[in-house]
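One structure is given below, encoded as structure tokens.
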Amino acid sequence: MEFALTGIILVVFLAVVAWSLVWKGIALWKCGRNNQLGWFVSILIINTLGILEIIYLLWFQRKQPEETKK
């Protein structure tokens with residue numbers, strides 16, 4: 001029983017790490033491309049399990065003009 005619980009905890013931990021790394025990577029990429037140093041440093045240092053990264057991506061990243069999107 002103890003081994004099964006440890007396995008479940010490990011799987012959940014790895015899933016949380018993967019979730020956080022994906023969102024952090026996307027947000028850091030967007031911050032760097034938009035020259036938003038404050039957001040970049042905040043996202044790099046503060047670990048919020050993807051919450052801060054999602055907030056940035058949804059509401060605070062600079063929008064590109066329609067002409068430059070491809």
Handout entry: Given L5, V12, T6, the one that forms side-chain contact (heavy atoms from CB on, under 4.5 Å) with I9
Key =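 So the option named by the test is L5.
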Are [X] and [Y] grouped together when hydrophobic residues (ILVMFWY) are joined by side-chain heavy atoms under 4.5 angstrom apart?
X	Y	result
L21	L14	yes
W59	I51	yes
I46	L58	yes
W19	V17	no

Where at least one partner belongs to [range], residue pairs that pass salt bridge (charged side-chain N to carboxylate O under 4.0 Å, His left out), sequence neighbours excluded:
range	value
residues 7-22	none
residues 39-52	none
residues 6-20	none
residues 15-28	K24-E53

Exercise for the section: In sequence, state the C-alpha distance, the side-chain angles, and the governing distance for W23 and L57, and then conclude on side chain to side chain contact (heavy atoms under 4.5 Å, CB included). Expected result: CA-CA 9 Å; W23 285 109; L57 289 170; 3.6 Å; yes
Please round to the nearest 0.5 Å and tell me the distance separating atom [atom1] of [X] and atom [atom2] of [Y].
X	Y	atom1	atom2	result
I45	L52	CD1	CG	11.5 Å
N47	L49	CG	CG	7.5 Å
T48	I43	OG1	CD1	8.0 Å

Acceptor/donor pairs from residues 25-35 side chains to any protein atom, 3.5 angstrom cut, sequence neighbours excluded:
| from | atom 1 | to | atom 2 | distance (Å) |
| --- | --- | --- | --- | --- |
| N34 | ND2 | K30 | O | 3.1 |

Practice task
State whether the side chain of S20 and the backbone N or O of V16 hold a donor-acceptor pair below 3.5 Å, judged by distance alone.
Solution key: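 Judged by distance alone, no pair lies under 3.5 Å.
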Practice task
Grab the two heavy atoms, one from S42 and one from G38, that are nearest each other, plus how far apart they are.
Solution key: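 Distance-wise, the nearest heavy atoms are OG-O, 2.9 Å.
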Problem - Residues in ring-ring contact (aromatic ring centres under 6.0 Å, His included) contact with W39, at least two apart in sequence or another chain - result: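 ring-ring contact (aromatic ring centres under 6.0 Å, His included) check on W39 returns Y56, F60.
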